[in-house]
Amino acid sequence: MPSTHEQFSPITAIPPTNLKPPQIKSRRKWRRWQRRLMLTGAVIGLSFAYDYYVNESSLYRNLKCVVVLSIVAADYKLNFNEGKDIDALHARVANRVYNLIASNGGLYIKMGQALAMQAAVLPPVFQQKFAQLFDMAPQDSWSEIEKLFIKDFGKRPDEVFRYIDHRAVASASVAQVHKAQLKTGEWVAVKIQHPKIEKQVNWDLGAYRLVMYIYDRFIFDIPVYFTVDYTCNRLLTEIDFENEARNADNMNAVLQSEPSLRNRVYIPRIYHNLTSRHVLTAEWIDGVSLSNRKELDAVGYSKSQIMDTMINLFAAQIFNWGVVHCDPHLGNQIVRWHDGRLQLVLIDHGLYIYESPEFRQQYCELWKNMFIFNDKAIRDIAISWGIGSPELFASATLLRPYKSGGVRPDRRPERDVNTDSEVQMSRAHEDFEMQTRMKDQFKQFIQDTTKMPLELIFLGRNMRIVQGCNQIMGSPVNRIKILANWASRSLAMLPNLTLRQRVKAWTNHFVFKFVVGLSDIGFWVTKIRQIVLRRENEGFEDLLERQMKGIAKKNFGIQIQDDAFSA
């Protein structure tokens, strides 16, 4: 029988450090992570619920903006290279940005329209896509509109008005308009802001800043971000309807001071007791919108009278009054017969700029010097505004070719002349070279953004839209001559002139009118050709646009679309 020592082996104690934790502890750790994940999901879910029900999805909309723009920036960083399909790249980006703006709606549409103001310097596909933003017109339900009205006035609209149409007669990106009748009998237009706008505005403007920053630094490498603060301030004032009411009153006041226009133009009366930050009540005007060309023709309104009044009005605003309506498209103008005469009615006074006296005088001098070919004066003004290439700046200001010393520009459209090396160049390489040259030219053109008067941004918008209106109407008047005459006249009307200076200024003005009148020769030659050949779309503005396309392509590598100057 074996001994006890042989039957049993000695037991060795296991050190506590070598002991494995019980399996239950790993389960506790997993449960802890489960709780963390559930808590995180609950926080995210509650945040999005709060954002959706209280904050009008502002957070979600702008997170979507950040994601889309990050993809856009990466796409350009990786694919804007020689040998890549640049056209396809621009098409992808244009679709992404457009779809972002369209799906987010609200103030994004207004900001997209601000981007569209710069569309002429962007690739053609951007011009085509962004032009569609002006046709977007969302409408809110009457229940939402009624809540906002009660918030501002403490009463339902049906209690305030004898009658109000619950269906909007018009809608735009910021507000919609309802026709109503006061208890005193007058018919009025009640403009009511889309209820979501106020909660979304600060988030959306932050997104706009991000968009412009990415465009400036990563995508096109063109100086545009310096305009952001000024543009955002204008957008903020545009959604304040009390400010719009003040603009309308100011425009009416300066209009009454000008005998040549006060009976030809009308500003609808504002009812201030029924106006707030979100609601504006104005006199209802029966007439024909200038956007309705078929009805204009049916009624028999004179297009030359309409355009003469319109261009004189906006020329007076820019050069004489310094109070400028910056959204003068055809839909914001109505024509009617009043006291036996044709009268233009100007509506929608949200987007305005107020020029400083110093800037207005310089701008008048710039226009006058462009017609007497004072290249030194033009160069001095351009340099003081941080702008290089005075001739190109003059062309961009006039929206017609400017040649130093009065050299007559070629009237034929720009045609591509291909050399042997260009014939061998691939399309992709050509696109890359053109857009690289565009960046370099714009950097030379805008040399010092700190000096540039930001009023030029919205003056350029006004000028382009008015040119487009004249072009759509068949170029019935010489727009350039009217603008130039107002610039010269306004210099003679400056308030700080001595008697001797004023006499000299008026003498120079009448000489200038004769010189500028010579531009009518080219205008009437084009007009007669247009009538004889019965080609409505070959007016004076069409000729100027073709010349501008040639200059843009030759000097900047920009391919301007046919509707870039349209309203």
Side-chain angles (χ1 to χ4, degrees), residues 58 61-77 80 89-90 92-123 125-127 129-134 173-174 197 200-239 326-327 351 353 386-387 396 435 438-443 445-461 464 556 558 564:
S58 298
R61 293 160 72 249
N62 288 282
L63 282 176
K64 183 165 58 173
C65 176
V66 171
V67 171
V68 170
L69 292 178
S70 298
I71 294 171
V72 165
D75 201 358
Y76 266 100
K77 203 73 175 176
F80 190 75
L89 170 64
H90 289 324
R92 287 197 304 273
V93 170
N95 281 322
R96 284 171 180 150
V97 175
Y98 175 83
N99 290 335
L100 170 69
I101 292 170
S103 63
N104 278 353
L107 203 61
Y108 268 77
I109 296 175
K110 179 61 67 175
M111 294 185 295
Q113 292 171 356
L115 286 174
M117 289 166 53
Q118 311 302 325
V121 302
L122 299 178
V125 67
F126 281 82
Q127 301 170 31
K129 293 297 292 186
F130 285 5
Q132 300 173 34
L133 294 173
F134 292 96
S173 57
V174 169
I197 292 290
Q200 294 173 343
V201 59
N202 289 323
W203 290 87
D204 291 353
L205 290 180
Y208 175 71
R209 291 176 184 276
L210 179 62
V211 170
M212 297 301 281
Y213 182 81
I214 291 176
Y215 269 48
D216 188 310
R217 301 296 176 88
F218 300 107
I219 299 180
F220 297 111
D221 195 23
I222 297 173
V224 291
Y225 189 74
F226 75 97
T227 67
V228 164
D229 286 341
Y230 189 77
T231 302
C232 286
N233 288 337
R234 301 285 79 72
L235 291 173
L236 282 172
T237 59
E238 189 176 2
I239 64 172
C326 295
D327 201 13
L351 186 58
I353 63 168
I387 297 171
Q435 290 171 50
M438 178 187 74
K439 294 179 183 180
D440 295 338
Q441 290 286 354
F442 265 95
K443 288 177 181 176
F445 184 74
I446 304 177
Q447 294 182 344
D448 189 344
T449 57
T450 62
K451 293 181 179 179
M452 179 177 287
L454 295 175
E455 294 96 329
L456 291 172
I457 301 168
F458 288 94
L459 285 184
R461 172 189 173 89
R464 287 198 300 271
F556 287 102
I558 299 172

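Values below: all heavy atoms of this structure, side chains included; hydrogens, waters and symmetry mates excluded.
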pair Met212-Thr227: side-chain heavy atoms closer than 4.5 Å: yes
Residue pair Asp327 / Arg461, side-chain heavy-atom distance below 4.5 Å: yes
Beyond-backbone contact of Cys326 with Arg234, side-chain heavy atoms, under 4.5 angstrom: no
For Lys64 against Ser103, the heavy-atom pair lying closest together: NZ-OG, 3.3 Å
Any Val68 side-chain heavy atom under 4.5 Å of Cys65 side chain: no
Flag side-chain contact, heavy atom, 4.5 Å: Thr237 against Asn233: no
Any Glu238 side-chain heavy atom under 4.5 Å of Leu235 side chain: yes
Residue pair Val97 / Val93, side-chain heavy-atom distance below 4.5 Å: yes
Arg209 NZ/CZ over Tyr213 ring centroid, <6.0 Å and within 45° of normal: no
Which atom of Val174 lies closest to which atom of Ile197, heavy atoms considered: O-CG1, 4.0 Å
Check: Asp75 side chain, Ile71 main-chain N or O, donor-acceptor pair, under 3.5 Å: no
From Leu456 atom CG to Ile353 atom CD1, the distance as rounded to the nearest 0.5 Å: 8.5 Å
Between OG1 on residue Thr231 and CG on residue Leu454, distance to nearest 0.5 Å: 7.5 Å
